[in-house]
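Contents: one structure, followed by commentary.
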Amino acid sequence: MSMHHRCRFIAAVAAVATLLLAPAARAKPLQIVATLPSYGSIARAIVGPNGRVRSLARGYEDPHFVRPKPSLALMVRQADLLVSTGLDLELWLPALLDKANNPRVRSGQPGFVAASHGIYLLEKPRIVSRSEGDVHIYGNPHIYIGPLNLKIIARNIMVGLKRIDPEHAAVYEKNYAAFKNKVDRHLFGDALLKILGSTVLTKLTLAGKLIAFLEKRSYQGGKLIDRLGGWMKRALPLRGRKIVAYHKNWAYFARTFGVQIVDYVEPKPGLPPTPSHVAHVVTEMRQQKVRVIMAANYFDSAKVRSIADKVGARAVILPLGVDGEPAARDVFAQFDLIVGRLVKAFVGKGV
């Protein structure tokens, strides 16, 4: 056998061996159920063809209020893995778990994933009282609105999948690594990611120091800020801008992109706006020259637009859940839409 044919033979044997050693796809896909479609989008990226992913809530539904229908209880009953925030956001979930009678996916069991595990929670309340509205006792549970949190949520899902399907652990680890890298590239851009790496960029962003750091540092004859890309670059016009939001579900987004939320349409979380509070918000917007007001598309958009009209501001209605609009088909498309729509609102108004 010639050297050329011998090399081809060895390569063919190696390829066959790789196929034989690689775990085969599951004959029966895992049933993955996510409380929220954003978690479902992430789970779909991690499990790949080894699982079927369904979500209990719709992207255009308020995650605080989902009716525990029999069809949803059936989904939970069939689940091998249940992904929930793990805090006090989905208060409708215990009723579904009781109806489903699936002990495998209850909290503390192998088939339960708390998406919030390992995330530093913002806005922890000093006072826990019903007089303060729908207070979340552990902190702000809207973790899926922070792009950096997507990586931690993905890791938690990966760990859960490895726990119930250890045979495909290497597949889930590979998919997680690819997803994590995709988040970093979308957030910071390829060039800056290559220079500083994920860990440094993440730490600087969480500390609120990334932009200042990049503006002060030089690299190969230019400023590091010139290497910034992704959502962080697109969102530069948002930094330091004042904005009014409908509900307290923007904390993690605001921390990442430097938006300053000066007031909320709700007088307290979960309480409907009263005429007197709306008047207060209007006065606040006029005094502070706030020209943009934003809300999730499951809140009262007419109320938001009415307030905007009174002060000559722009109302921005956004999908805070994957599939909340047709264009928000996954978490990446969702953040593309949110960042793009907010930047357009500010730049378009010249504020």
Side-chain angles (χ1 to χ4, degrees), residues 38-39 41-42 44-46 118-120 122 142-155 157-158 173-241 243 250-261 292 294 316 318-320 322 325 327-348 351:
S38 294
Y39 302 152
S41 174
I42 300 170
R44 200 167 286 113
I46 308 303
I119 292 175
Y120 180 80
L122 302 178
H142 299 281
I143 56 174
Y144 48 92
I145 311 299
L148 287 172
N149 292 341
L150 302 181
K151 298 189 288 184
I152 302 177
I153 296 168
R155 183 187 65 199
I157 293 172
M158 180 264 293
E173 289 172 355
K174 180 180 178 181
N175 291 348
Y176 162 68
F179 180 86
K180 178 175 176 289
N181 180 255
K182 189 174 181 179
V183 172
D184 285 330
R185 288 170 52 215
H186 274 75
L187 192 54
F188 305 114
D190 291 336
L192 193 62
L193 183 62
K194 186 176 181 180
I195 296 168
L196 293 180
S198 174
T199 301
V200 171
L201 290 171
T202 298
K203 287 182 177 179
L204 286 170
T205 304
L206 289 174
K209 298 178 179 179
L210 176 65
I211 302 304
F213 176 88
L214 298 178
E215 288 175 339
K216 293 176 181 177
R217 299 299 195 280
S218 298
Y219 180 79
Q220 294 184 348
K223 291 290 185 181
L224 266 180
I225 190 70
D226 296 332
R227 305 299 182 104
L228 180 66
W231 295 323
M232 293 297 288
K233 180 177 182 178
R234 288 180 62 194
L236 284 176
L238 303 181
R239 302 199 71 82
R241 298 287 192 163
I243 196 167
W250 292 96
Y252 303 99
F253 183 92
R255 177 184 62 180
T256 301
F257 297 112
V259 181
Q260 183 182 350
I261 302 176
V292 174
M294 64 182 178
V316 182
L318 297 161
L320 294 199
V322 168
E325 290 184 12
R329 61 189 179 276
D330 60 24
V331 290
F332 299 100
Q334 179 193 15
F335 277 101
D336 280 341
L337 192 155
I338 292 173
V339 171
R341 201 170 287 178
L342 284 172
V343 169
K344 184 178 179 182
F346 277 104
V347 174
V351 295

Q: Check for a donor-acceptor pair, side chain of N149 on one end and backbone N or O of I143 on the other, with a separation under 3.5 Å.
A: yes
Q | Any donor-acceptor pair under 3.5 Å from Q334 side chain to P319 backbone | A | yes
(Q) For F253 and F335, take the angle between the two ring planes, folded into 0 to 90°, and tell me which bin it lands in: parallel under 30, tilted 30 to 60, perpendicular over 60. (A) parallel
pair [X]-[Y]: side-chain heavy atoms closer than 4.5 Å:
X    : Y    : answer
R234 : D336 : yes
W231 : F257 : yes
I211 : R239 : yes
L214 : D226 : no

[atom1]/[X] to [atom2]/[Y] distance, rounded to the nearest 0.5 angstrom?
X    : Y    : atom1 : atom2 : value
F346 : L238 : CZ    : CG    : 6.0 Å
L342 : L337 : CG    : CG    : 9.5 Å
L206 : Y252 : CG    : OH    : 11.5 Å
L148 : T205 : CG    : OG1   : 5.5 Å
N175 : I42  : CG    : CD1   : 13.5 Å
R227 : K194 : CZ    : NZ    : 10.0 Å

If you look at every heavy atom in [X] and [Y], which pair is closest and at what distance?
X    : Y    : result
L122 : A251 : CD1-O, 3.8 Å
V331 : S38  : CG1-O, 3.8 Å
L320 : Y144 : O-CE1, 3.3 Å
L228 : K233 : O-CD, 3.1 Å
S198 : K180 : OG-NZ, 3.4 Å
V347 : P237 : CG2-CB, 4.2 Å

Q: Would you check, one step at a time, whether the test side chain to side chain contact (heavy atoms under 4.5 Å, CB included) holds for L224 with E215?
A: CA-CA 6 Å; L224 266 180; E215 288 175 339; over 6 Å; no
Q. Can V316 and I338 be said to form a side chain to side chain contact (heavy atoms under 4.5 Å, CB included), step by step?
A. CA-CA 9 Å; V316 182; I338 292 173; over 6 Å; no
Q. Taking the six-membered ring of F179, is NZ or CZ of K151 closer than 6.0 Å to its centre and within 45° of its axis?
A. no
Q: Report, as yes or no, whether the 6.0 Å neighbourhood of atom NZ on K223 holds more than 12 heavy atoms from other residues, nucleotides or ligands.
A: yes
Q: Verify side chain to side chain contact (heavy atoms under 4.5 Å, CB included) between W250 and I243, making sure each step is shown before the conclusion.
A: CA-CA 11 Å; W250 292 96; I243 196 167; over 6 Å; no
Q | Distance-only polar pair, side chains of S41 and D330, donor-acceptor under 3.5 Å | A |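 The answer is no; no qualifying pair exists.
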Q | side chain to side chain contact (heavy atoms under 4.5 Å, CB included) partner of L201, the single match among L210, I195, D184, L187 | A |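 Answer to the side chain to side chain contact (heavy atoms under 4.5 Å, CB included) test with L201 among L210, I195, D184, L187: L210.
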Q: Considering only NZ, NE, NH1 and NH2 on the basic side and carboxylate oxygens on the acidic side, decide whether E173 and R155 come within less than 4.0 Å.
A: no
